[in-house]
2 protein chains.
Amino acid sequence: MATKQTIEEGSEFIPKFDTNGLITAIAQDAKTGQILMAGYMNRAALDLTIQTGYATYFSRARQKLWKKGEESGHVQKVEQILVDCDQDCVVLKVTVEAGQCHTGYQSCFYRALKAGTAKELDFIAEKVYDPRKIYKK
Amino acid sequence: MATKQTIEEGSEFIPKFDTNGLITAIAQDAKTGQILMAGYMNRAALDLTIQTGYATYFSRARQKLWKKGEESGHVQKVEQILVDCDQDCVVLKVTVEAGQCHTGYQSCFYRALKAGTAKELDFIAEKVYDPRKIYKK
């Protein structure tokens, strides 16, 4: 059993999967620092990501492995994988060549809470591609 | 019931909490773009964050609200709250004046998987404060 000391101060990668077998994975543009998306990985997705150098997630909605870009071609080339103190979250530093959100935006985080409100969002980005031309269904 | 269209393309903030009543919250340094930590918020934590302008999370380990910095003083001043396409994750753009990880590092992500390995971590940062001087227990 890994100790708190080992997990937090050690140099062994011991990713902690939750009760559903998942770990949170955040994709961050390695060049710009922009956070592109947040997803989940199971053990197989994490292993595939490490082995192939391209991000593979686990889709909770579809309950299956999902190589990012398998349909759209908008893949994420993984430059570095960071892990946090308690090893229950990873950050993927990625290089991308196209918009990463299925809605057409570069990042999934294209809206921000309007200042002084609790319910209203401002759009803070423009679409960078037309998803209707990429996703046929 | 909010539709996919409303959630993804609308300007109403409709955060989606999971079966445990939590949403993932990522704190990112507003100046440098560095990802500082990932945590969780319940409805009360999110409301407090919006109302006070300082990040409050929900501690899963302690099952209670946790104002970031309540013990260490290392608070997060929230400049902007971004939400992703399906509204199940928020990014807090924060201003910080001190190391954010309880281990002494600026960011919780102070280790990276060593290139070409699957289990070995490199330390990629230096501690910016001594946690033994901050946390008394």
Considering only heavy atoms and a distance below 4.5 Å, find which of A:Gly53, A:Gly116, A:Ala118, A:Ser107 pairs most often with chain B. A:Ala118

Region of B:Glu8 in contact with chain A, defined by heavy-atom distances below 4.5 Å: both

A:Glu97 atom CD: more than 12 heavy-atom contacts under 6.0 Å: no

Answer with side chain, backbone, both or neither: which region of A:Thr117 has an atom nearer than 4.5 Å to a non-hydrogen atom of chain B? backbone

Selection from B:Ile14, B:Thr32, B:Leu121, B:Leu113 maximising heavy-atom pairs under 4.5 Å formed with chain A: B:Leu121

Between chain B and each of A:Gly33, A:Pro15, A:Ala112, count heavy-atom pairs under 4.5 Å; write down the option with the most. A:Ala112

To the nearest 0.5 Å, what is the distance between CG on A:Leu22 and OH on A:Tyr40? 8.0 Å

Using non-hydrogen atoms and a 4.5 Å limit, figure out which bit of A:Glu12 sits close to chain B: side chain, backbone, both or neither. both

Greatest number of heavy atom pairs closer than 4.5 Å to chain B - which of A:Thr24, A:Ile35, A:Thr103: A:Ile35

Do you reckon A:Ile81 sits in the same ILVMFWY cluster as A:Val96, going by side-chain contacts under 4.5 Å, direct or chained? yes

Which bit of A:Glu79 is near chain B, if near means a heavy-atom gap under 4.5 Å: side chain, backbone, both or neither? neither

Looking only at A:His102, A:Glu120, A:Lys114, most heavy-atom pairs under 4.5 Å shared with chain B are made by A:His102

Closer than 3.5 angstrom, by distance alone: can the side chain of A:Thr56 be matched with the main-chain N or O of A:Ala45 as a donor-acceptor pair? no

Got a second to check how far A:Tyr54's OH is from A:Lys77's NZ, nearest 0.5 Å? 5.5 Å

I'd like to know which of B:Met37, B:Gln51, B:Gln28 tops the heavy-atom pair count under 4.5 Å against chain A. B:Gln28

Structural part of B:Ile26 lying under 4.5 Å from a heavy atom of chain A: side chain

The test is side chain to side chain contact (heavy atoms under 4.5 Å, CB included); show your working for B:Gln100 and B:Asp29 and say whether it passes. CA-CA 10 Å; B:Gln100 291 298 301; B:Asp29 189 309; over 6 Å; no

What's the verdict on side chain to side chain contact (heavy atoms under 4.5 Å, CB included) for B:Phe13 and B:Leu46, showing C-alpha distance, side-chain angles and the deciding distance? CA-CA 12 Å; B:Phe13 185 40; B:Leu46 180 59; 4.0 Å; yes

Check for me, please, whether B:Leu36 and B:Ile134 land in the same ILVMFWY cluster - side-chain distances under 4.5 Å, paths through other members count. no

What part of A:Ile50 is in contact with chain B, defined as an atom under 4.5 angstrom from a non-hydrogen atom: side chain, backbone, both or neither? side chain

For chain A, find which of B:Asp47, B:Asp122, B:Ile7 contributes the most heavy-atom pairs closer than 4.5 angstrom. B:Ile7

B:Gln63 side chain vs B:Arg60 backbone, donor-acceptor pair below 3.5 Å: yes

B:Ile124 portion near chain A, given a 4.5 angstrom heavy-atom threshold: side chain

Counting neighbours of NZ on B:Lys127 that are heavy atoms of other residues, nucleotides or ligands and sit closer than 6.0 Å, is the number greater than 12? yes

Counting heavy atoms not belonging to A:Arg132, are there more than 12 under 6.0 Å from its CZ? no

In residues 83-95 of chain A, which residues are in contact with chain B at a heavy-atom separation under 4.5 Å? A:Val83, A:Asp84, A:Cys85, A:Gln87, A:Asp88, A:Cys89, A:Val90, A:Val91

Anything under 30° is parallel, anything over 60° is perpendicular, the rest tilted; go ahead and classify A:Phe123 against A:Tyr110. parallel

